[in-house]
Every structure is written in structure tokens, then in C-alpha cells.
Amino acid sequence: MKHRLISLIENALLVCREKGLVGGVGLPFIEVEATKDPAFGDYATNAAMVLASSARQNPRQIAQCLKENIVDRDGILSKIDIAGPGFMNFFVRENIWAALLKEVADLGDAYGSLKMGEGKKVQVEFVSANPTGPLHIGHARGAVVGDVIANILREAGFSVSREYYINDAGNQMNNLGKSVLLRYRQLLGETVELPETCYQGEYIKDLAAEIRARDGDIYLRMDPIEAVPILTDYAGKVILEGIIEDLRAFGVTFDCYFSERELYRDNGVERLLKDLEDKGFIYSDGETLWFKTTAFGDEKDRVVVRKNGDPTYFAADIAYHKNKFERGFDTVIDIWGADHHGYIPRMSAAVQALGHNKESLKVILVQLVNLLRDGKPVAMSTRSGEFVTMREVVDEVGKDAARYNFLMRRSDSHLDFDLELAKKQSNENPVYYVQYAHARICSIMKMAQDRGCKIPAFADVSLERLALPEEVTLIKALTRFPDIVEGAARSLEPHRLTFYLNELAGIFHSYYNKNKVISDDQTLTNARLFLVNMVLVVLRNALRILGVEAPEKM
RNA sequence: GCCCCCGUAGCUCAGUAGGAUAGAGCAACGGAUUCCUAAUCCGUGUGCCGCGCGUUCGAAUCGCGCCGGGGGCACCA
């Protein structure tokens, strides 16, 4: 609907310009919004006011010209008002609304999917925690946000690939191997202290025990220089498998796991440095190699090869991003914890130095999560190994409630996650409110079928029977769904979908309480069954994007 | 010191590619169930949109300066 109106306005503007009624050139961004107040019609545009300055004309006068030149071939409008400083308020003919449900019915599961992506290749990289321990609550938020952004983009018509970057080549991994070795030696009776830099969690002891069971005491006699890499490999592999399994239980999967080691294996980092050197972005101060990120707005240049000859993490990360673009992605989206925000300028600089548009890298920052229980903070300390894992949270509150909770806030705002609240199956927990609407409709459909009613097709519905104000409100909400997906895809903001779902569910619950769907009136029953079935379609489609179940019974 | 995010109702937060009287949920109080799921619905009200200045026909939204909260400023990853 919104898009129909936009094209009506655009055409009217072109006609006005041809006739010389409105000055200025170029098509401005024409904004059409659903109105809050019915007195302002169903949709409104500020087009005339936006045009006013470049056209050097009175906005109300422009609005008048546009109004007179709008050609409403399909007769969807009952009137257009010009109000206030120059708003154009569009009143849609009441009997048009129900007809719009045809689109929902025709598209079914595909209602809400868009062509805006034009099949462009987008990669979403998220989680990417190094496999040194189980994921915690903060990772969980990043996981859901990344997963749902990927879903939204796919819905919007992009070709999406989800990727997990495994940081398996650095000091942290070495520490992991060392930690396991020390626990292993403790297990075999040695008295050794675990330094603070080592991983303290219980899972390290489990790994050490597994290794002893498998290989006995052979690492005791081995030079640690040899033993640590072996243990690192083993531990990293086991932990990564655990991470992947935990993510799967959370409904998050990836198309590709990319290992940092692979980058080194085929000299990706070396080739990258050569490439940047050829382009003149690398210089040496005699001891280290620097990358001139300041050429692209970073506040200082960054080291890429250390004094000891090892490339930095940053160097590998640039090589990794180079690799991403070489794989043909038009846009690369990175989901990072907010504590990495200082890293953005240098990564952006790197992408530009490689010859890519600044816009082709998008970084979404996910703010920290405060884990609470009954309103009180849950103590978390990574060092001592005492932290609540993602798995524990998912097991305790359930996949759906956990996901929905993370999706109810913008990702760049701090989030309080209360375990008790998330677990409550009550009105304090919006996920059930939405799922309940779905289950209720399923229940209605089942009842109707038990009574011998067929699920009506669009052609069999007497649309004029759907004329109650609540019904029109419901239909309007359904027609907004594709606009919501579009907005969420444009802004990469999953929370828009949860807000929409809460609203849609609310409108439905209210309608349900006031009106019987199934009655003795056959044509009315038929029409209402059709309507609620369309609500069902939209609820299901939206929940699918969020990765939340749409239960038939609760 | 510099950089990023946040500051909106008692609480948790939407609303920010400028737009018309600023919204929702929770909490509080009162009501609704012979009937499709009461995990529901209906009703009752509260705001110096952190503060100030500016840009504009118009600012919660944009700019500048403060104040408060969080985070970041490595040859760590």
C-alpha cells in the first residue's frame, strides 16, 4: 500500500514538473507513513514540505498541485486532504482493505519476502568466539542478533551466508593448551599452580581427564614445547564442537566456519602484506611494520608485524576480510561486542585500502548483557571460571523465551536479562503473548474444521463482511508487515519485528475477545475464518524470521 | 585526556534518513469467563523527552557545549 502511494505521488510530481507547476529537479526521498490518528487519514506524506525549499514554493500550494495531478486508476482513495503546514493525508476507501488480503493469501509463506536485496551477496559474520571455553550470555545475544539479521536479509531478497570465524591461532589458544597440560599434570599427581593467565574453568579439568583416559601419561614425559600444541589442538576441537552444539540448541547455525589458521596455511597474511605494500600503505620503522590506517581516518597507524616478526591479530583480520571480498560478497556485516568499537576505524580503513567502498563493511555493535536473577545481578568472573554459560541459560529459560528476550531491545542498548522473568510463563513475558495468539488461531481453525467448515480461499470470501473497525485495524496491520521487514533489513534492526509482533498479537487478542469468529452466520464465519487465517500466516512468517516456534497448542 | 554507546512515565524500553496533541509493556486500582484457550480482554494517568544554546516553517530526532551512566583507547585477541 505504502509503495502504491509513493508511486502515485512520484507520477504526480513528474506531471506537475512537465506542466511547470512545481520547480526543482530530481526525485526526493518520498516518505509515506501510516498515520497514528484517523483524522489524518490512513497514510500521510510530507513530500510537499520536502519539495518546498528546492522548488521555492509554498508547501500547501505544492500539495494542492500534487493532489490535482494524482491519477488514482484503481480507485483506492476516497479523498486526499491537505493539512497543517503541507501534509497530504490519504484516505483509503474502506472497502479496499479487505481486498488487500489477496496478496497475503496468494503469497502465503512468502508474504513479507521482498526483492530489495536483488540477490546481492551478503555475508554475516557473528559469534566468532575463540574456542577456549563455552559461550556465555554475552555471546548468546550476539548469536541471536546475527542469526536474525541474516534471516531478515534473506527475507528481503539478499543471498546470505552466515559465518563463524574461528580465532584458533593466537596466544589465547596457546594458553588453553598450557592450562590443559597443567591440569593434566595435577591429575597425575604433580603439585603445580595454575597461573592467573590460564583458564580456570572446570571444563579444563574434564578435558585433562579425557586426555589421560585416552593417552595415559605420555605428555608427562614429552617436552612441553611439543605437548602444548597437541593438547591445544585437541582441546580446541572438543570445545568448538561443544560451541557448535550449544548454538544448534539455540537455533543458530552457520554456513561456513572459517579458521584463522587456514589463513596462515596458504600464506594469506603474507600475500596481504605484500599487496598493501605494493599499494604503498605499509612502512617500516626499522623494527616493526606499520599500516597507514590514518590515510583513511583512523586516529593513528597500526602495527601489522611485530618486533619479533609475528604478524598481529589485526594483520590476520585484514587478510580475512580480504578473503571475504574475494569470495564475492557485495556487503560484509560483522557483529561485534560493543567493547570492540575502537576497532572499527582501523578495519574500515583496511577495507578501503583494499579498494572497497566504505559502505561495503557494516559493523553491528552488540552491547553488554547484565544477567540478573530476581532483579539481582548474577556474579560473573571469567578469570575464576565462574560464569553462566549460554547453554545453562537456554536450558533454563528455553530457546524461544531466550531468543525473544534478546530481540526486544535495540542491539546497541544495554540489556538486563533476568533469568526468573524470562522463565515466567506469564503476561510479563511477551514471547508467550505472541505465541498464544498463534495457538489461539490454530485452535479456532481446528474447531472450524471439526464442525465441517473448510478453510476459505480468498475467492470464496464475502469481503464486505469484514467491515468492523477492529477488522480494518487488523487488516491494516497485516498489510504493514512487508514494510516492517523492509525497515528491519534497511536498518539491520531485528527488534522492529518483535515490536510489530507484540502489536499484531495485541490487535488480534482484542478482536478475539470482542467478536466470535465461528457463528451461525455462514458467510460471516467464512469471512472471519479467512481473516484470522491471514493473521496466522503473518504471525508464522514473522516468528520464523525470529527463529521462534509458532506452537499450535499451548 | 581522546573516542563510541546510552539518558524518554514509578520500572523496563519503543519512537531518531526532522513532521501534526510523545507511545507500549510491567507495576497499581477496578471490572469481564453459561460461548472459538483468562498465558486473554476492557477501563482508570503520569512526562522540564538529562540541561543549555543554535539550525529550521517545525527538534525527543540535526549541530555545538555541559551533566550523569556504561564501554574502549596494546607490538592482546
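Treat the numbers as computed from the prediction; the structure is a model and nothing was measured. Chain letters run A, B, ... following the sequence lines, proteins first and then strands; every chain starts at 1.
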Exercise for review: Using the six-membered ring wherever Trp is involved, compare the ring planes of A/Tyr343 and A/Tyr313 and label them parallel, tilted or perpendicular (cut-offs 30° and 60°).
Suggested key: tilted
Practice item. Give the rounded distance in Å between these two atoms: CD of A/Gln367 and P of B/rC13. Key: 12 Å
Review point. Considering only heavy atoms and no angle criterion, is a donor-acceptor pair shorter than 3.5 Å present between the side chain of A/Asn89 and the base of B/rA20?
Key: yes
Exercise for review: Considering just the side-chain nitrogens and oxygens of A/Tyr433, establish if one lies under 4.0 Å of OP1 or OP2 belonging to B/rC41.
Suggested key: yes
Practice item. Tell me, please, which residues at least two apart from A/Lys446 pass salt bridge (charged side-chain N to carboxylate O under 4.0 Å, His left out). Key: A/Asp450
Practice item. Determine the Euclidean distance between corresponding C1' atoms of B/rA39 and B/rC3; express it in Å to zero decimal places. Key: 46 Å
Exercise for review: Using atom NE2 of A/His509 as one end and atom P of B/rU40 as the other, report the distance to the nearest whole Å.
Suggested key: 7 Å
Review point. Do A/Asp334 and A/His340 have a side chain donor and acceptor closer than 3.5 Å?
Key: no
Review point. For B/rU40, does OP1 or OP2 lie under 4.0 Å from any side-chain N or O of A/Ser510?
Key: no
Practice item. Identify whether any heavy atom of A/Ala83 sits under 4.0 Å from a base atom; if not, whether one sits that close to sugar-phosphate; answer base, sugar-phosphate or nothing. Key: base
Study note, to complete from the structure: Whole-Å distance, A/Gln435 CD to B/rA39 C1', equals 10 Å
Review point. Under 4.0 angstrom, heavy atoms only, what part of the nucleic acid is A/Thr288 near: base, sugar-phosphate, or nothing?
Key: base
Practice item. Indicate, with a heavy-atom threshold strictly under 4.0 Å, whether A/Lys553 touches base, sugar-phosphate, or nothing. Key: base
Point to revise | Salt bridge present between A/Glu503 and A/Arg480 (N-O < 4.0 angstrom) | key: yes
**Study point:** Heavy-atom side-chain contact between A/Ile484 and A/Phe499 under 4.5 Å
**Key:** no
Check your understanding: A/Glu299 has a side chain; which of B/rC36, B/rA77, B/rC2 sits nearest to it?
Key -> B/rC2
Point to revise | Gap in Å between the two P atoms, one belonging to B/rU55 and one to B/rC29, rounded | key: 50 Å
Review point. Between A/Asn175 and A/Cys198, is there a donor-acceptor pair closer than 3.5 Å when you use the side chain of the first and the backbone of the second?
Key: no
**Study point:** Out of B/rA77, B/rC57, B/rC41, whichever nucleotide has its closest atom nearest the side chain of A/Pro85
**Key:** B/rC57
Point to revise | Sugar-phosphate, base or nothing in reach of A/Tyr343, heavy atoms under 4.0 Å | key: base
**Study point:** Span that lies between the P atom of B/rC51 and that of B/rA9, in whole angstrom
**Key:** 11 Å
**Study point:** Gap between atoms OH and P, on A/Tyr512 and B/rU40 respectively (whole Å)
**Key:** 13 Å
Review point. Between B/rC41 atom P and A/Leu474 atom CG, what is the distance in whole Å?
Key: 14 Å
Check your understanding: What is the distance from CD1 of A/Ile364 to P of B/rC5, rounded to the nearest Å?
Key -> 13 Å
For nucleotides 14-17 of chain B, which of its nitrogen or oxygen atoms have a protein nitrogen or oxygen under 3.5 Å away, and what is each distance?
from	atom 1	to	atom 2	distance (Å)
B/rA14	OP1	A/Arg410	N	3.1
B/rA14	OP1	A/Ser413	OG	3.3
B/rA14	O3'	A/His495	NE2	3.4
B/rG15	OP1	A/His495	NE2	2.9
B/rG15	OP2	A/Arg410	NH1	3.3
B/rU16	O4	A/Arg410	NH1	2.4
B/rA17	N6	A/Arg490	NH1	2.5

**Study point:** Close aromatic pair by centroid cut-off 6.0 Å: A/Tyr320 and A/Phe258
**Key:** yes
Review point. Any donor-acceptor pair under 3.5 Å linking the side chain of A/Asn526 with the backbone of A/Gln522?
Key: no
Review point. How about A/Tyr404 and A/Tyr432: are their ring centroids closer than 6.0 Å?
Key: no
Practice item. Mind checking A/Met49 for me? I need base, sugar-phosphate or nothing, with any heavy atom below 4.0 Å counting as a touch. Key: base
Practice item. Have a look at A/Ala44 and say if it touches a base, only the backbone sugar-phosphate, or nothing, with a 4.0 Å heavy-atom cut-off. Key: base
Exercise for review: Write down the distance separating the C1' atoms in B/rC67 and B/rC48, rounded off to the nearest Å.
Suggested key: 15 Å
Practice item. Sticking with atom C1', work out how far B/rU8 lies from B/rA59, rounded to a whole angstrom. Key: 14 Å
Review point. Between residues 331-342 of chain A and RNA chain B, which residues have a heavy-atom gap below 4.0 Å?
Key: A/Asp339, A/His340, A/His341
Check your understanding: Between atom CG in A/Asp521 and atom C1' in B/rC36, what is the gap in whole Å?
Key -> 16 Å
**Study point:** C1' gap between B/rC13 and B/rU21, integer Å
**Key:** 22 Å
**Study point:** Sidechain N-carboxylate O distance under 4.0 Å for A/Glu549, A/Lys399
**Key:** yes
Check your understanding: Under 4.0 angstrom, heavy atoms only, what part of the nucleic acid is A/Ala52 near: base, sugar-phosphate, or nothing?
Key -> nothing
Check your understanding: Ion pair present between A/Arg346 and A/Asp317, side-chain N to carboxylate O less than 4.0 angstrom?
Key -> no
Exercise for review: Provide the distance between the two P atoms, one in B/rA14 and one in B/rG52, to the nearest whole Å.
Suggested key: 24 Å
Exercise for review: May I ask whether A/Phe87 stacks on the base of B/rG19, given the cut-offs of 5.5 Å between ring centres and 30° between planes?
Suggested key: no
Exercise for review: Would you please say whether a donor-acceptor pair under 3.5 Å links the side chains of A/Glu470 and A/Asn515?
Suggested key: yes
Review point. What nucleic acid atoms does A/Asn515 come within less than 4.0 Å of, heavy atoms only: base, sugar-phosphate, or nothing?
Key: base
Check your understanding: So what does A/Met554 touch, heavy atoms closer than 4.0 Å: a base, only the sugar-phosphate, or nothing?
Key -> base
Exercise for review: Indicate yes or no: does A/Glu262 engage A/Arg265 in a salt bridge with an N to O separation below 4.0 Å.
Suggested key: no
**Study point:** Interatomic distance at P, B/rG23 relative to B/rG63, whole Å
**Key:** 25 Å
Review point. Of all residues at least two apart in sequence or in a different chain, which pass the side chain to side chain donor-acceptor pair (under 3.5 Å) check with A/Ser519?
Key: A/Thr525
Exercise for review: Please list, chain by chain and in numerical order, all residues satisfying side chain to side chain donor-acceptor pair (under 3.5 Å) with A/Trp290, sequence neighbours excluded.
Suggested key: A/Asp285, A/Thr288
Review point. To the nearest angstrom, how far is A/Leu368 atom CG from B/rC4 atom C1'?
Key: 13 Å
Review point. Checking all strands, does A/Gln449 fall into the base, sugar-phosphate, or nothing category for heavy-atom contacts under 4.0 angstrom?
Key: nothing
Review point. Using Watson-Crick and G-U wobble pairs whose two distances are both under 3.5 Å, how do you write the pairing of RNA chain B as dot-bracket, with | for links to another strand?
Key: (((((((..((((.....[...)))).(((((.......))))).....(((((..]....))))))))))))....
**Study point:** Closest-nucleotide ordering on RNA chain B, the 5'-leading residue of A/Glu552 and A/Thr45
**Key:** A/Thr45
